[in-house]
Amino acid sequence: MNPSISVVIPTYNREEVLRMTIQQFLDQDRKPDEILVIDQSVSHLEKTREDLDRLNRSGAIRLIRQEEPNPCRARNVGIREAKGEIVLIVDDDILIKRDFVRRHLLNYGEKDLVAVNGAIWWERGSNLEPLDKIPDWMLTHPFGWTHIPATLTLRTEISILRTCNCSVLRSAAIAVGGLDECFGRASLHGDLDFGRKFHLAGGRIAQDPTAGIYHLKAPSGGTRTKRRFAHLPLAEELKSLLYFYLKNWQGTASLAAISGLFRIWVLNRRNVTHPYLFPIACTIYSAALCAGMFDLAFHRDKSILRHHA
């Protein structure tokens with residue numbers, strides 16, 4: 001089996017690291033059939049703009065503009081526009097080996113396999129600890145599956161996706177409606193929710209340690225808002241997390257997670273010992289919770305791939 005494969009790279013305000021990421025895919029020993037760059041950036045440096053335009057004109061990449069920064073929507077755009085049978089989704093700030101695309105493709109052909117998670121071996125300049133088994137509590141806790149490490153050294157089946165390094169059958173991604181765009185600009189846990197859709201639909205997801213990346217997590221760019229006050233929550237990030245636990249409600253486990261976010265971001269020492277901060281934190285938390293409940297009631301599973309043929 002030699003399926004066609006499209007690489008999808010959502011990007012936001014990244015410069016040299018984006019150009020480097022693209023070049024690595026152009027240098028693969030099994031070249032992707034196409035590379036789609038979903039650009040949500042406000043602007044680029046002249047060098048980046050010239051390189052992207054040149055690569056787009058030559059057909060080396062397909063450059064697609066998206067005005068509103070939303071990582072889940074950008075990935076959905078990539079899935080919708082992709083021509084390949086397999087869609088390989090990565091972040092715009094990674095280091096990979098020359099056999100990376102081939103390693104992902106080698107997994108396909110197995111019965112009911114719909115997606116592959118690649119490993120993450122390095123992040124923010126630090127090596128990550130390799131693990132040879134999934135800790136027992138992750139297999140028994142209702143939300144243990146959200147903590148399964150990306151550094152497993154064995155090939156196994158899991159129930160999540162990490163969209164900084166995963167591949168999916170395009171047909172299966174469309175069948176489950178793609179990623180839920182209600183996770184917004186922050187998109188925290190949006191990829192975990194995406195993987196859970198495959199799992200609930202009966203599709204198998206493989207964790208492949210040979211298809212690894214080094215995740216730079218570049219300090220500039222990216223769609224997440226920079227935090228000004230470490231003790232106060234960011235509404236868009238908090239809403240994304242609360243929406244995840246509301247949507248994937250598992251009784252007391254979900255309630256504990258939601259309460260835990262309240263303890264971390266509202267009842268932390270800084271807010272409690274500075275009474276003027278406490279009502280600010282409560283207001284942000286309440287607004288985020290209401291926004292999550294509103295989306296759950298009226299926009300649940302919002303996606304441009306819904307009903308996409």
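In what follows, residues are counted from 1 in the order of the sequence shown.
- Ring-plane geometry between Y243 and F183 is classed as perpendicular, the angle between the planes exceeding 60 degrees on a 0 to 90 degree scale with a lower cut at 30.
- Linking ILVMFWY side-chain heavy atoms closer than 4.5 Å, directly or via other members, places L216 and I94 in two distinct hydrophobic clusters.
- Under the side chain to side chain contact (heavy atoms under 4.5 Å, CB included) test applied with R80, the options I174, V87, L36, I304 reduce to a single match, I304.
- Between the side chain of N107 and the backbone N or O of V116 there is no donor-acceptor pair closer than 3.5 Å.
- Salt bridge annotation for D29-R98: absent, with no cationic side-chain nitrogen under 4.0 angstrom from a carboxylate oxygen.
- At a threshold of 4.5 Å between non-hydrogen side-chain atoms, the residues V37 and D92 do not count as touching.
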Notebook entry, point to check: Between R30 and D99, is a salt bridge (Lys or Arg N to Asp or Glu O under 4.0 Å) present by the stated rule, with each step listed?
Noted result: CA-CA 7 Å; R30 195 299 192 185; D99 63 351; over 6 Å; no

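- For the pair N70 (side chain) and R185 (backbone), a donor-acceptor distance under 3.5 Å is absent.
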Item checked: side-chain contact (heavy atoms from CB on, under 4.5 Å) assessment of H215 paired with D93 -> CA-CA 6 Å; H215 195 191; D93 56 344; 3.3 Å; yes

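- Contact annotation: the side chain of F194 approaches that of V176 to within less than 4.5 Å [non-hydrogen atoms, C-beta and beyond].
- Hydrophobic clustering (ILVMFWY, side-chain heavy atoms < 4.5 Å, transitive): M20 and V90 are in distinct clusters.
- No side-chain donor-acceptor contact under 3.5 Å links K133 to the backbone of L152.
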Next item on the list: Might you work through the salt bridge (Lys or Arg N to Asp or Glu O under 4.0 Å) test for R155 and E110, ending with a clear yes or no?
Entry: CA-CA 13 Å; R155 188 181 185 281; E110 294 185 15; 3.2 Å; yes

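- Of the possible donor and acceptor atoms, none in the side chain of S167 sits under 3.5 Å from a partner among the backbone N and O of L88.
- At a threshold of 4.5 Å between non-hydrogen side-chain atoms, the residues L113 and L169 do not count as touching.
- Counting only distance, with no hydrogens or angles, the side chain of S58 and the backbone of L55 share a donor-acceptor pair below 3.5 Å.
- In summary, the side chains of T153 and D132 do not present any donor paired with an acceptor at a separation below 3.5 Å, with no hydrogens or angles considered.
- Checked against H44 for a side-chain hydrogen bond (donor to acceptor under 3.5 Å, both in side chains), the options N13, D39, T11 give a single hit: D39.
- N165 and H104 share a donor-acceptor pair across their side chains, judged by distance under 3.5 Å alone.
- Contact of the W265 side chain with the N271 side chain is not registered, since no non-hydrogen atoms from C-beta on lie closer than 4.5 Å.
- Inter-residue side-chain proximity for L232 and Y285 is flagged as unmet; no heavy-atom pair is nearer than 4.5 Å.
- A donor atom on one side chain and an acceptor atom on the other are found under 3.5 Å apart for E15 and T48.
- Salt-bridge formation is detected for the pair D301/K247: a Lys NZ or Arg NE/NH1/NH2 atom is positioned less than 4.0 Å from an Asp or Glu carboxylate oxygen.
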Notebook entry, point to check: Between K197 and D180, is a salt bridge (Lys or Arg N to Asp or Glu O under 4.0 Å) present by the stated rule, with each step listed?
Noted result: CA-CA 10 Å; K197 289 185 183 184; D180 186 346; 5.6 Å; no

Next item on the list: Could you please spell out the steps behind the salt bridge (Lys or Arg N to Asp or Glu O under 4.0 Å) verdict for R73 and E181?
Entry: CA-CA 6 Å; R73 173 175 279 264; E181 296 167 25; 3.0 Å; yes

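- Inspection of the N56 and R62 side chains reveals no N or O donor paired with an N or O acceptor under 3.5 Å.
- For the pair I9 and I35, the minimum side-chain heavy-atom distance is below 4.5 Å.
- W137 and H147 have their aromatic ring centers within a separation under 6.0 angstrom.
- S159 contributes no side-chain N or O that, together with a main-chain N or O of H199, makes up a donor-acceptor pair within less than 3.5 Å.
- With 3.5 Å as the limit, one finds no donor-acceptor pair spanning the side chains of R14 and S41.
- In this structure, R19 pairs ionically with D51, as a charged nitrogen and a carboxylate oxygen lie closer than 4.0 Å.
- Between the side chain of E236 and the backbone N or O of A186, no donor-acceptor pair lies under 3.5 Å.
- Put simply, the side chain of Q24 gets close to the backbone of I96: a donor and an acceptor are under 3.5 Å apart.
- Relative orientation of the F100 and F25 rings is perpendicular, given thresholds of 30° and 60° on the angle between their planes.
- Using cut-offs of 30° and 60° for the angle between ring planes, the F244 and F143 rings count as tilted.
- Remark: the backbone N or O of E157 is not paired with any side-chain donor or acceptor of R204 at under 3.5 angstrom.
- In the model, N268 has no side-chain atom that pairs as donor or acceptor with a side-chain atom of R263 under 3.5 Å.
- Side-chain contact between I89 and L161 is absent, with no heavy-atom pair separated by less than 4.5 Å.
- Looking only at distances, a side-chain donor or acceptor of K31 sits under 3.5 Å from a matching main-chain atom of L26.
- Taking 4.0 Å as the cut-off between side-chain N and carboxylate O, D91 and K217 do not count as a salt-bridged pair.
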